[in-house]
Amino acid sequence: MTPKEKLRPISGFPEWLPEYRMVELEWIDKLRAVFESFGFASIETRSVEPVEVLLKQGDTDKEIYSIGRLLADPDDKAEPTYALHYDMTVPMARYVAANMNDLTFPFKRYQIQKAWRGERPQEGRFREFLQCDVDVVDTREIPLHFDAEIPVIMHEAVNAIGAGPLVTKINNRKVLEGYYAGLGITDTANAIRIIDKLDKIGAKGVGTMLGDELGLDGDAIAKVLGLAEIRGNDASVVQRVKALGVKSDLLDQGLDELHFVMRELERYPEGTFVADLSIARGLAYYTGTVYEAKFADFPDFPTVCGGGRYDNLVGDLINKRLPGIGISIGLTRIFAKLMREGRIQAGRKAPTDILVVHTQGAPYSVIRETAGALRARGLKVEQYHEDRKLKAQLKYAADKGIPWIWFPPAEAGGEHQVKNSATRDQTPADPATWLPE
RNA sequence: GCGGGUGUAGCUCAGGUGGUUAGAGCGCCAGAUUGUGAUUCUGGAAGUCGGGGGUUCAAGUCCCCUCACUCGCCCCA
């Protein structure tokens, strides 16, 4: 590997400059505040899981990164295979199952962590990214009210970081599965996968695929498309689904649930939460309400938040059924897109409030004690550790956007001065009492 | 996994049809009557032209392979 290659960016592993990272940190603080305002507690799970834990749920062809020790013996069968987690849901399920006795249910937690996926990167798709998950897990049946609360939490969180407006589409897996069952479609998983392409390839393309791949006749295709085209802001969509005349118990149950959720969300501005019967979500473990949110301004950009209800995530891990519901916010995806669109106002390059310059000839102890006195009063203070020409020190402060410059006296007991970077006013000041502004 | 595009200084890029010691702007460092930020001026450091092979008297330039980045497809929590 040449030195040049060592320096190259790695596709899908984004890094931000300090001025942007500061904004990202502010976002994280705001998201935390919203999650905690709803009573969710934070946990952090390890970055790796046994490969079998990650593969057991969902599909088996996941693009996951496995990890190993460079010094491991490749023939050692006892060496376990770990992999970086590709979401927070599966690790959370494992964590809950492992700590059943010590958790109080319903267990409500949020997690803001990196996730890793090996998929080919492209705009909005990374291999290492930050994700914020909010979930509720219970040992008993989870009330439907959570189905309405979860998207509200997400909505408030996204608003808090100024990333909206989003359009959140809502559907219910029971409606899809019940409807397809009522039509006699057995391969619901594939039907859902094809329907998911409606936005991309249109009704005609979807109809062709349904015919070619699932062997549906024109009548069934029309029925499937008829359902997928239903969307609306309120509970009335339920009537329109019923009007299609497909019958099944599961469908009725799903429609009742969807009706309840949409009724609860009717108080939000039109277009914020929309029932959309074409939304399916790829993940296999969803069993009820599903959510998918996109930027209102960038409809072609991939989903930025997604989630839903699942009957059971831990069934393979312990002999117990733990239903849950949650949603995930794609922090890196949102951040990178808004950055690309120039919507992120980069702040200062450092948190420093005051730069204490190295006054020519001043004893180092005077400079250090000056900085210490200011720092002890809660200010963010850095010293210029080199007796370099003032011009260079001031340029450093200007380049970093440091708002105040402090001039310690050349000898102990002398006069201190402070300068406002913006106005360039310079006045005597006492490090024991001085305050900004 | 498949297809298109692109790889030259820290960054953004020039370098018709091959031809002496590979350039610019920005950035960086130093200086312009010995310590207060700008602009300007002067000087300086910095590139095995992504890597390997081939054609040729001669390759940054042409051919092949390979790697990386990037856009799209596939897939997608």
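To find a chain, count down the sequence lines: A is the first, B the second, and so on, and within it residues start at 1.
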Record whether the side chain of A:K419 comes under 3.5 Å of the base of B:rG37 through a donor-acceptor pair of N or O atoms. yes
Sticking with atom C1', work out how far B:rG47 lies from B:rG23, rounded to a whole angstrom. 11 Å
Taking NZ, NE, NH1 and NH2 as the nitrogens, is one of them in A:E119 or A:R127 under 4.0 Å from a carboxylate oxygen of the other? no
Whether A:E49 and A:R94 form a salt bridge (side-chain N of Lys/Arg under 4.0 Å from carboxylate O of Asp/Glu) is what I want to check. yes
Rounded to the Å, how far apart are A:K395 NZ and B:rU39 P? 8 Å
In whole Å, I'd like the distance from the CZ atom of A:R424 to the P atom of B:rA38. 8 Å
Looking only at side-chain atoms of A:D387, point me to the closest of B:rG35, B:rG37, B:rC76. B:rG35
Are A:R21 and A:E24 close enough for a salt bridge, meaning some N to O gap below 4.0 Å? yes
Between B:rG15 and B:rC74, how far apart are the two P atoms, rounded to whole Å? 36 Å
Examine distances only and state if a side-chain atom of A:D147 and a backbone atom of A:V261 form a donor-acceptor pair shorter than 3.5 Å. no
Check the phosphate of B:rG31 against A:K389, side-chain N and O only, distance under 4.0 Å to OP1 or OP2. Yes or no? yes
Could you check which nucleotide pairs with B:rG60 in any of the strands shown, counting Watson-Crick or G-U wobble with both distances under 3.5 Å? none
Classify the nucleic acid contact of A:N420 as base, sugar-phosphate or nothing, counting any heavy atom under 4.0 Å across all strands shown. base
What is the distance, rounded to the nearest whole Å, between atom CG of A:D425 and atom P of B:rG37? 15 Å
Mind checking if A:H358 touches a base, just sugar-phosphate, or nothing, with heavy atoms under 4.0 Å? base
I want to confirm an ordering. Mapping A:D399 and A:A422 to their closest nucleotides on RNA chain B, which one lands closer to the 5' end? A:D399
Nearest whole angstrom, please: distance from the C1' of B:rU36 to the CH2 of A:W406. 17 Å
Rounding to an integer number of Å, can you tell me how far A:E15 CD sits from B:rC11 P? 14 Å
If the C1' atom of B:rC63 is compared with that of B:rG27, how far apart are they to the nearest Å? 38 Å
B:rG23 pairs with, by Watson-Crick or G-U criteria that keep both distances under 3.5 Å: B:rC13
Below 4.0 angstrom, N of the basic side chain to O of the carboxylate: do A:E257 and A:R309 qualify? no
Of the listed nucleotides B:rC71, B:rC75, B:rG35, the one nearest the side chain of A:E119: B:rC75
Ignoring the backbone of A:R388, work out which of B:rC76, B:rC29, B:rG37 is nearest its side chain. B:rC29
Over all strands shown, is A:F407 touching base, sugar-phosphate only, or nothing at heavy-atom distances under 4.0 angstrom? base
Side-chain donor or acceptor of A:H85 paired with backbone N/O of A:I64 under 3.5 Å: no
Separation of the C1' atoms in B:rC28 and B:rA45, to the nearest angstrom: 9 Å
Please measure how far the C1' atom in B:rA30 lies from the corresponding atom in B:rG72, and state the result in whole Å. 49 Å
A:Q122 (side chain) and B:rU70 (base): donor-acceptor pair under 3.5 Å: no
Is the phosphate of B:rA68 approached by A:S11 (side-chain N or O, under 4.0 Å from OP1 or OP2)? no
Salt-bridge criterion met for A:R321 and A:D138 (N-O under 4.0 Å): no
Watson-Crick or G-U counterpart of B:rU6, or none if no pair lies under 3.5 Å: B:rA68
Selection from B:rC71, B:rC74, B:rU36 that lies nearest to any side-chain heavy atom of A:R340: B:rC71
Kindly say whether, by distance alone, the side chain of A:R120 makes a donor-acceptor pair under 3.5 Å with the base of B:rC76? no
Report which part of the nucleic acid A:T303 touches: base, sugar-phosphate, or nothing (heavy-atom distance under 4.0 Å, all strands). nothing
Look through every strand shown and name the nucleotide pairing with B:rC75 as Watson-Crick or G-U wobble, where both distances are under 3.5 Å. none
Could you measure between the two C1' atoms, the one in B:rU42 and the one in B:rU6, and give it in whole Å? 38 Å
If the C1' atom of B:rU8 is compared with that of B:rG60, how far apart are they to the nearest Å? 7 Å
Looking at B:rA30, which nucleotide sits across from it as a Watson-Crick or G-U wobble partner, both distances under 3.5 angstrom, or is there none? B:rU42
Quote, to the nearest angstrom, the C1' distance that separates B:rG18 from B:rU61. 6 Å
What's the CG-P distance between A:L390 and B:rG35, to the nearest Å? 9 Å
With a non-hydrogen cut-off below 4.0 angstrom, is A:P302 in contact with a base, only sugar-phosphate, or nothing? nothing
